Amino acid sequence: SGGPMFDMRGRVIGINNWIIAPGGGNVGIGFAIPADLARPIVDKLIKGTPIERGFLGIQIQPVTTEIADSLGLPKNRGELVQAVQPDMPGARAGIEPGDIVLRVNGEEVTPDRTLSGIVTDVAPGARIPLEVLRRGKRMTLTVTVGKRPSEEQLALENFGQQGDAAGDPFAQGDKQ
């Protein structure tokens with residue numbers, strides 16, 4: 001599936017990118033990238049500007065209900081840092097394995113607005129605050145966002161080899 005999705009007035013409202021069709025073909029449930037998320041990328045592609053994504057060099061996973069309960073956190077808030085790659089923006093900012101990232105650049109980390117999603121949208125080189133919970137204490141770290149390496153570079157560096165699905169942004173051990 002692919003191409004624009006239009007509303008009844010002919011305005012582009014999304015870009016179709018996937019379909020679940022139990023019987024095959026094109027009848028089923030379609031999924032699209034909302035137009036407001038795609039527009040900045042389209043504008044850059046038209047201008048020939050390279051697409052650069054923000055990157056911290058950490059491996060994360062969602063905070064489970066059990067972890068949230070044990071720490072007194074609201075459910076569906078924050079993401080747990082599993083690993084920090086040396087000499088990357090996260091390590092330079094002082095992020096440690098076991099930290100729970102609660103807010104990034106003033107935005108709360110939730111299942112709908114993940115740490116990866118927030119950081120990916122930040123321009124490399126920007127300095128942003130990260131609110132973390134470390135050993136029961138909240139603290140704010142400032143990180144200078146790096147440029148996300150290609151999937152090939154990430155694979156060569158063997159980052160995220162702790163059970164995550166390489167290149168799958170929705171895998172349990174997400175590389176950010």
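These numbers were taken from a predicted model, which means no experiment stands behind them.
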What pair of heavy atoms forms the shortest contact from [X] to [Y], and how long is it?
{"X": "V12", "Y": "F6", "answer": "CG2-CE2, 3.5 Å"}
{"X": "F55", "Y": "P89", "answer": "O-CG, 3.6 Å"}
{"X": "A91", "Y": "Q85", "answer": "CB-O, 3.5 Å"}
{"X": "R148", "Y": "G54", "answer": "CB-O, 3.9 Å"}
{"X": "I15", "Y": "A38", "answer": "CD1-CB, 3.6 Å"}
{"X": "G94", "Y": "R134", "answer": "O-NH2, 2.6 Å"}

Can you hop from [X] to [Y] via hydrophobic side chains spaced under 4.5 Å?
{"X": "V63", "Y": "V81", "answer": "no"}
{"X": "L133", "Y": "L80", "answer": "yes"}
{"X": "L115", "Y": "L73", "answer": "no"}
{"X": "I33", "Y": "V42", "answer": "no"}
{"X": "I95", "Y": "I100", "answer": "no"}

So, taking the atom named [atom1] in [X] and the one named [atom2] in [Y], what distance separates them when rounded to the nearest 0.5 Å?
{"X": "E107", "Y": "D121", "atom1": "CD", "atom2": "CG", "value": "8.5 Å"}
{"X": "L56", "Y": "I118", "atom1": "CG", "atom2": "CD1", "value": "10.5 Å"}
{"X": "M5", "Y": "R11", "atom1": "CE", "atom2": "CZ", "value": "14.0 Å"}

- request: Say whether, by atom type as modelled, one donor and one acceptor occur between the side chain of T120 and the main chain of G117 under 3.5 angstrom.
  value: no
- prompt: Would you find a donor on one side and an acceptor on the other, under 3.5 Å apart, between the side chain of R103 and the backbone of G106?
  reply: yes
Within the structure provided, determine whether [X] and [Y] are in side-chain contact (heavy-atom separation under 4.5 Å).
{"X": "F31", "Y": "N17", "result": "yes"}
{"X": "D99", "Y": "L130", "result": "no"}
{"X": "T110", "Y": "R77", "result": "yes"}
{"X": "E79", "Y": "T114", "result": "yes"}
{"X": "I60", "Y": "V101", "result": "no"}

- request: Report the residue from V109, L102, L141, N105 that forms a side-chain contact (heavy atoms from CB on, under 4.5 Å) with E131.
  value: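 When V109, L102, L141, N105 are each tested with E131, the side-chain contact (heavy atoms from CB on, under 4.5 Å) holds only for L102.
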task: Would you mind checking if K47 and D43 are paired as a salt bridge, meaning a charged N to carboxylate O distance below 4.0 Å?
output: no
- request: Flag yes if more than 12 heavy atoms outside D36 fall under 6.0 Å of its CG atom; otherwise flag no.
  value: yes
field: E96 vs V84, side chain to side chain contact (heavy atoms under 4.5 Å, CB included): CA-CA, chis, key distance, verdict
entry: CA-CA 6 Å; E96 297 178 2; V84 180; 5.5 Å; no
task: For I51, check side-chain contact (heavy atoms from CB on, under 4.5 Å) against everything at least two apart and list the hits.
output: I41, K44, L45, R53
